[in-house]
Amino acid sequence: MRILRLAPALRLPPRFGWLDYIAPEDSPLMPGDIVRVLFRGRRVPALVLEETTMSAVPPSRLTTIHDAPVVARLDPAALAALRYAATRFHATIPALLTALLPAVPVRALPVDAGPASQHGTFSGALLRHRGDAVDAYAALIRDSLSTKHQTLIAVPDILRAEELADALRTHGLRVSVCHHDLSAGARWKAWRSLTDDTADVLVVSKAAVLAPAPRLGLVIIDMEDDPDHVQRDAAPYYDARLLLERRAREAGATLVFASETPRFSTAWRAREEGWTTTAPTDAPTLMTVVPMRQESRTLATQAISGAFLDAARGALQEGKNVIAFLNRAADARILRCEECGALTRCATCNLTLAVRGEHLRCARCGSTSDIPASCASCGSVRLSGRIPGVDAVVRTLQKELPGVRVVGLQRDRELPDASVPAVFVGTETLFKNARSLLIRPTGLVAALDGDAVMRRPDYRAAEHAWAELERLANVARRHDRLFLIQVWEEPHAALLAVQRGSPASLAAAELADRKRYGYPPFRSWLVAHTGATTADPEQILHTAFPDAELTPVERDDRRRAVKGRAAITVRTARPDDSIGAALDTLPADWIIEPEPEKFF
């Protein structure tokens with residue numbers, strides 16, 4: 001008797017990793033095929049995992065597959081990557097398929113298998129650019145097409161997917177786009193476009209990284225440092241970058257990590273594994289650093305300096321836009337002296353303390369202290385527990401620049417008409433939803449709080465500060481304009497790296513500290529969301545990871561919480577390939593989240 005193990009795209013209980021079906025002896029079904037099968041009276045899409053001759057279920061209770069044409073076929077590399085993701089992220093394959101498989105149309109046409117894939121030799125590459133990667137991508141794709149291979153490009157957001165696809169089409173390439181914002185029919189058609197040979201390049205979001213590619217030869221991870229490559233909205237959690245890397249290795253394809261500001265851990269891996277590295281020529285940045293402690297207190301407390309206002313007026317008189325970056329949408333609850341700008345810091349961690357009611361609290365160690373009556377640096381009693389965000393800065397600029405249009409750009413806000421020069425104040429939206437704004441005529445680029453990221457309770461604070469300032473510096477370089485940075489403290493290492501035009505010394509120092517204190521990439525991090533009825537989760541984790549450091553996640557940190565479950569951060573020195581084996585020993589109902597990207 002021929003038995004096929006299938007994984008339906010359904011949210012089954014964790015103990016069900018597959019379902020057994022009887023297949024006729026002459027059935028052409030094979031591992032990787034996606035078919036529609038009967039399950040509880042309805043037809044559902046299911047992936048053929050493997051063929052066997054025995055089942056734990058009596059044959060009389062098994063369903064026989066009849067009239068089930070193959071509507072899609074995962075190539076062996078994609079199937080291997082899916083199995084890897086199930087192990088590495090402690091999720092069942094059916095659960096992963098609910099996130100990674102688009103809705104299969106009822107009238108989906110049978111798939112044509114096409115020519116067999118030719119397995120090549122895996123190679124890795126790191127591409128650092130200055131925001132102009134399209135030409136480099138097109139050259140890589142043409143090289144892949146010359147050997148009749150296909151290309152997958154993973155992007156972190158939908159807007160980037162559409163922009164990149166349009167740009168690549170101008171190079172004469174056949175490009176398709178697949179993301180969750182498309183209609184069901186359009187998404188299915190795009191998901192199968194490489195199989196159907198209607199495209200040579202497929203641009204995908206993290207929900208479409210399993211799209212079939214029978215002749216995969218090139219995988220590009222665009223904006224590889226963007227945390228939106230990781231699925232965190234709902235379980236199952238997974239890192240699309242790791243999944244695509246495994247897929248490229250299995251297919252013998254070329255893997256390219258590309259970004260204006262690649263992660264230091266990626267650069268370290270590129271060096272350790274001998275990848276090809278391409279970077280722009282290091283060039284100093286034309287930069288003006290404004291010490292806010294020397295500015296008018298009235299303006300400085302609103303994150304505005306006289307130098308910024310003068311430069312903004314000059315740019316507007318030239319008929320050009322002003323870009324002002326402030327990575328803080330709402331006002332921050334941090335205690336700062338209005339006289340000298342000094343921040344109140346934790347005595348243990350040296351991190352900025354946040355105002356919580358009548359006390360100050362450290363986000364790293366959790367220690368609390370009373371709010372002081374005066375500044376420890378200058379003795380002033382003028383202490384403020386509020387640092388302005390984008391909305392407050394927009395209101396201040398509207399008063400200081402009468403008659404000038406001042407626009408606040410935050411997440412999910414549409415980009416306004418730019419026919420009239422304006423001052424645009426924005427958060428990270430400037431690099432996502434408002435990317436088209438950055439190529440328009442610009443007279444001034446400014447970072448209104450160049451120290452903000454350095455105050456975060458994050459071991460990667462310096463790296464993130466460099467990334468934000470470097471992206472802004474690239475905008476200033478493209479327009480050959482001044483880059484103005486307002487700071488409250490002495491220029492930090494990240495700012496100096498941007499000024500020099502090279503992150504090499506900063507990356508070396510940061511990686512040395514991470515190795516010393518046991519941070520990634522030298523130790524792996526993950527967050528374990530335990531089962532609701534687990535008696536001793538820490539003992540279970542210590543058994544699975546004997547070398548691990550365990551840190552319970554505070555209940556008031558809602559960004560890390562899964563309702564009804566305790567959360568524990570795990571730091572282990574196990575190599576990536578052995579983490580999955582350790583996770584397999586955990587209870588099936590536990591949820592595992594990849595390494596946190598933004599929080600300590």
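Positions are given from 1 along the sequence.
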Should Lys206 and Asp233 count as an ion pair when the cut-off is N to O under 4.0 Å?
-> no
So with a 6.0 Å cut-off around NZ of Lys320, is the heavy-atom count from everything else above 12?
-> yes
Among side-chain atoms of Arg128 and Ser259, is any donor-acceptor pair under 3.5 angstrom?
-> no
Do the non-hydrogen side-chain atoms of Arg174 and Val201 ever get within less than 4.5 Å of each other?
-> no
For Asn321 and Thr442, does a side-chain donor sit closer than 3.5 Å to a side-chain acceptor?
-> no
Sequence-distant partners of Asp157, side-chain hydrogen bond (donor to acceptor under 3.5 Å, both in side chains), two or more places apart = Arg435
Going by heavy atoms in the side chains, are Leu444 and Leu484 under 4.5 Å from each other?
-> yes
Are Gln150 and Ser144 linked by a side-chain donor-acceptor pair shorter than 3.5 Å?
-> no
Taking the side chain as every heavy atom from C-beta outward, state whether Leu140 and Val256 have any pair of such atoms under 4.5 Å apart.
-> yes
Determine whether the side chains of Gln486 and Asp449 contain a donor N or O and an acceptor N or O closer than 3.5 Å.
-> no
Is a side-chain donor or acceptor of Glu250 paired with a backbone partner of Ala81 at a separation under 3.5 angstrom?
-> no
Between Ala446 and Leu472, which heavy-atom pair has the shortest distance, and what is it?
-> O-CD1, 4.4 Å
Below 4.0 angstrom, N of the basic side chain to O of the carboxylate: do Asp33 and Arg73 qualify?
-> yes
Whether Thr170 side chain and Ala167 backbone form a donor-acceptor pair below 3.5 Å | yes
Do Ser123 and Thr254 get their side chains close enough for a donor-acceptor pair, meaning under 3.5 Å?
-> yes
State whether Glu470 and Arg130 are salt-bridged, where the test is any N-O pair (Lys NZ or Arg NE/NH1/NH2 against Asp/Glu carboxylate O) under 4.0 Å.
-> yes
Within the side chain of His129, is there an N or O that forms a donor-acceptor pair under 3.5 Å with the backbone of Thr278?
-> no
Would a distance-only check, ignoring hydrogens and angles, find a side-chain to backbone donor-acceptor pair under 3.5 Å from Arg215 to Lys148?
-> yes
Establish, from distance only, whether the side-chain atoms of Ser505 and Arg500 form a donor-acceptor pair under 3.5 Å.
-> yes
Trace of the salt bridge (Lys or Arg N to Asp or Glu O under 4.0 Å) decision for Glu428 with Arg328 | CA-CA 9 Å; Glu428 69 276 0; Arg328 188 169 55 244; over 6 Å; no
Lys/Arg N to Asp/Glu carboxylate O, Asp75 vs Arg247, below 4.0 Å = yes
Minimum heavy-atom separation for Trp466 to Ala497, with atom names?
-> CD1-CB, 4.0 Å
Within the distance-only criterion (no hydrogens, no angle test), does the side chain of His492 pair as donor or acceptor with the backbone N or O of Gly450 below 3.5 angstrom?
-> yes
Would you call Glu318-Arg313 a salt bridge at under 4.0 Å N-O?
-> no
Which heavy atom of Tyr137 sits nearest a heavy atom of Leu168, and at what distance?
-> CB-CD2, 4.2 Å
Any ion pair linking Arg395 and Glu400 (charged N to carboxylate O, less than 4.0 Å)?
-> no
Tell me, with the steps shown, if Val425 and Leu409 meet side chain to side chain contact (heavy atoms under 4.5 Å, CB included).
-> CA-CA 6 Å; Val425 185; Leu409 294 177; over 6 Å; no
Pick from Arg477, Arg478, Arg471: which one makes a side chain to side chain donor-acceptor pair (under 3.5 Å) with Asn474?
-> Arg477
Flag, side chain of Gln499 to backbone of Thr285, donor-acceptor distance under 3.5 Å = no
Closest non-hydrogen atom pair between Gly124 and Trp275, with its separation | O-CB, 3.3 Å
Are Asp239 and Arg241 close enough for a salt bridge, meaning some N to O gap below 4.0 Å?
-> yes
Would Asp577 and Arg246 pass as an ion pair if we require N to O under 4.0 Å?
-> yes
Among Phe483, Phe431, Phe308, the one residue meeting ring pair (Phe, Tyr, Trp, His ring centres under 6.0 Å) with Phe325 | Phe431
Do Arg187 and His179 come within less than 4.5 Å of each other through their side chains, counting heavy atoms only?
-> no
Do Leu397 and Leu309 pass the side chain to side chain contact (heavy atoms under 4.5 Å, CB included) test, and can you show the C-alpha distance, the side-chain angles, and the key distance before you say yes or no?
-> CA-CA 9 Å; Leu397 288 176; Leu309 291 176; 3.8 Å; yes
OG of Ser176 to CG of Leu194, rounded to nearest 0.5 Å, is 7.5 Å
Counting only N and O atoms by type, is there a donor-acceptor contact under 3.5 Å from the side chain of Gln398 to the main-chain atoms of Leu401?
-> no
Starting from the C-alpha separation in whole Å, work towards a yes-or-no answer on side chain to side chain contact (heavy atoms under 4.5 Å, CB included) for Ile34 and Leu74.
-> CA-CA 8 Å; Ile34 296 176; Leu74 293 187; 4.3 Å; yes
Quick one: does Leu255's side chain get under 4.5 Å of Phe122's, heavy atoms only?
-> yes
Would His149 and Leu218 count as a side chain to side chain contact (heavy atoms under 4.5 Å, CB included) if you check the C-alpha gap in whole Å, the side-chain angles of each, and the deciding distance to 0.1 Å?
-> CA-CA 7 Å; His149 282 100; Leu218 175 64; over 6 Å; no
Nearest-0.5 Å distance, OG1 of residue Thr87 to CG of residue Leu82 = 9.5 Å
Answer whether the closest heavy-atom distance between the side chains of Phe264 and Arg514 falls below 4.5 Å.
-> yes
Residues Asp576 and Arg88 bridged, charged N to O under 4.0 Å | yes
What is the minimum heavy-atom distance between Gly32 and Leu79, and which atoms define it?
-> N-CD2, 3.9 Å
So, does Arg36 use its side chain to make a donor-acceptor pair with the main chain of Val104 at under 3.5 Å?
-> yes
Donor-acceptor contact present, side-chain His479 to main-chain Leu438, <3.5 Å = yes
When every non-hydrogen atom of Ala154 is compared with those of His229, the smallest separation belongs to O-CE1, 3.7 Å
Spell out, as yes or no, whether a donor-acceptor pair under 3.5 Å connects the side chain of His171 to the backbone of Arg169.
-> no
